[in-house]
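Have a look at the structure below before the remarks.
No hydrogens, no waters, no symmetry mates; every other heavy atom, side chains included, goes into these values. Here is the naming used below: chain letters follow the sequence lines, and residue numbers restart at 1 for every chain.
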Number of protein chains: 2
Amino acid sequence: MTLGSAADLVHELKSKGYKITRQREAILKVLSSDECRLMTAQQIYEEVNATMPGTNFSTVYRNLEVLTQENIVQKIEINRDAAYYELAPDRDHHHHHLICKSCGSIKTTDFCPFEAMKDEDGFMPVEHRFEVYGYCKNCKQ
Amino acid sequence: MTLGSAADLVHELKSKGYKITRQREAILKVLSSDECRLMTAQQIYEEVNATMPGTNFSTVYRNLEVLTQENIVQKIEINRDAAYYELAPDRDHHHHHLICKSCGSIKTTDFCPFEAMKDEDGFMPVEHRFEVYGYCKNCKQ
DNA sequence: CTCGTTGCAAAGGCTTTGCAACGGC
DNA sequence: GCCGTTGCAAAGCCTTTGCAACGAG
C-alpha cells in the first residue's frame, strides 16, 4: 500500500464511487500533508477553511466519517474533549503515541507491543491502541 | 498498597479531609465490589441508586472526579460514547483490556507492553494505555 | 438530470456548573 | 455552626441529523 498523497487518496475515493468536491479535496490535503498529523476535527476544520473558506463543520465531520469507514483515516479517542484523526496505519507507517501531560504535544513512536503479546484465551485481536502519557523533553524539568 | 475494600477507601478519603456521605460510601462500594469492574458513569449511577435511591447524576460525576484526582479511580476514555471508570492500578492489580468489537464485552489481561518499550528520546513516561480490540470467544465465528 | 454532498440550524448525549438547601464533623 | 456536599436545573461542548439547495459526473 502506497503512502497516501492527497492525489492518490482523491483517486481512491473516486474509484469507490464518491464524488470529488473541493471540500473533500481540501480535507484530504490537510490530512496527508508532510508532517505526521494527529488532529482534532476542530483543527482540520480550521486548516480546511484556510484553503476552502466557508466549509462547514458538518461537512468536515461527515467526510471524516466517510474516510474512517473507508479505512483511509483512523479515529483515535484519547480523551473525551475531542476525537483525533490521522491517516490510517495502512496508509501511513504503523506507530503509537507519546502524549505530554503538560503541554499536550504528541510524538509518535515506532515501538509496537503487539507482537510480544501472548495468545489470550479465545480472544481474536484485530486492532490495538498503545499510548504513553508522560512529559516531553521540554516539560520534564 | 492494599487492594482497596470499600471500607479502606472510605477511611482513606476521610484521612484526606473529605467528608463521608452515604452517597460517597455507596459509590465506593460499587467500584470496589468483587469482580473486576470497568463501568460507565451511567452504570455506576444505576448501581448506586439501588442502595442509595435518589442519588443524583451530578453527585456521581463529582465524586468520580474527586476519586480520580485522589488517584483512587482511573478514568478510561476508550470511546467517545462514555468514559469508563475503574479502581486505579495502584489499588487493583495492573492490567490492560481486551474489548470485543461485536458485543462490547471487556476482558482484562495481565500482559503489559510497558517494560519492553525502549527509551524514547527525551520522553519521560508516567502512564500508559494498552487496549486490544477484536472478537471474543463467543463472537469470533 | 440524478443522486451524492453541502450549509444551516437544531437536536443529541455525556458531562459540567451555579446556586440554594442539606448535613458531616 | 461551618464548610464541604448534594439535588436540581440549566448550560457546555463535541458531534450528529433533517432538510432544502447545490453541483459533480
Hey, is the side chain of B:Ser58 poking within less than 4.0 Å of OP1 or OP2 on D:dG7, counting only N and O atoms?
-> no

Would you indicate, yes or no, if D:dT5 has its OP1 or OP2 atom less than 4.0 angstrom from a side-chain nitrogen or oxygen of B:Thr21?
-> no

For the pair A:Asn49 (side chain) and A:Thr55 (backbone), establish whether a donor and an acceptor sit closer than 3.5 Å, ignoring hydrogens and angles.
-> yes

Short side-chain to backbone donor-acceptor contact, B:His95 and B:His93, under 3.5 Å | yes

5'-most contact on DNA chain C (nearest-nucleotide basis), A:Pro53 vs B:Phe57, goes to A:Pro53

Between [options], which nucleotide has the shortest distance from any of its atoms to the side chain of [X]?
X: B:Asn56; options: C:dC14, C:dT6, D:dG7; answer: D:dG7
X: B:Arg22; options: C:dG23, D:dG7, C:dC3; answer: C:dG23
X: A:Arg80; options: C:dT15, D:dG7, C:dT6; answer: C:dT15
X: A:Ala41; options: D:dC8, D:dT15, C:dT16; answer: D:dT15
X: B:Gln23; options: D:dT6, C:dT15, D:dT15; answer: D:dT6
X: B:Tyr61; options: C:dT15, D:dT16, C:dT6; answer: C:dT15
X: A:Lys19; options: D:dG7, D:dA24, D:dT5; answer: D:dA24
X: B:Arg62; options: D:dT17, C:dT17, C:dT5; answer: C:dT17

Starting at atom [atom1] of [X], determine the distance to atom [atom2] of [N], rounded to an integer number of angstrom.
X: A:Tyr18; N: D:dG23; atom1: OH; atom2: C1'; result: 18 Å
X: B:Asp81; N: C:dG12; atom1: CG; atom2: P; result: 17 Å
X: B:Leu64; N: D:dT5; atom1: CG; atom2: C1'; result: 15 Å
X: A:Ile20; N: D:dC22; atom1: CD1; atom2: P; result: 22 Å
X: A:Asn63; N: C:dG7; atom1: CG; atom2: C1'; result: 13 Å
X: A:Met52; N: D:dC22; atom1: CE; atom2: C1'; result: 12 Å
X: B:Glu65; N: D:dT6; atom1: CD; atom2: P; result: 12 Å
X: B:Ile27; N: D:dT5; atom1: CD1; atom2: P; result: 12 Å

Taking atom NZ of B:Lys14 as the centre, does the number of heavy atoms from other residues, nucleotides or ligands within less than 6.0 Å exceed 12?
-> no

Look at the aromatic rings of B:His96 and B:His94 and report parallel, tilted or perpendicular, splitting at 30° and 60°.
-> perpendicular

Report yes if some heavy atom in the side chain of A:Ser32 is under 4.5 Å from a heavy atom in the side chain of A:Ser5; otherwise report no.
->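 No, side chains not in contact.
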
How is A:Gly17 classified with respect to the nucleic acid when contacts are heavy atoms under 4.0 Å: base, sugar-phosphate, or nothing?
->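 No contact at all - A:Gly17 keeps every heavy atom at 4.0 Å or more from the nucleic acid.
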
Could you tell me whether A:Thr55 contacts a base, only the sugar-phosphate backbone, or nothing, with contacts defined as non-hydrogen atoms closer than 4.0 Å?
->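 Sugar-phosphate, no base atom in range.
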
So does B:Lys16 pair up with B:Glu12, basic N to acidic O under 4.0 Å?
-> yes

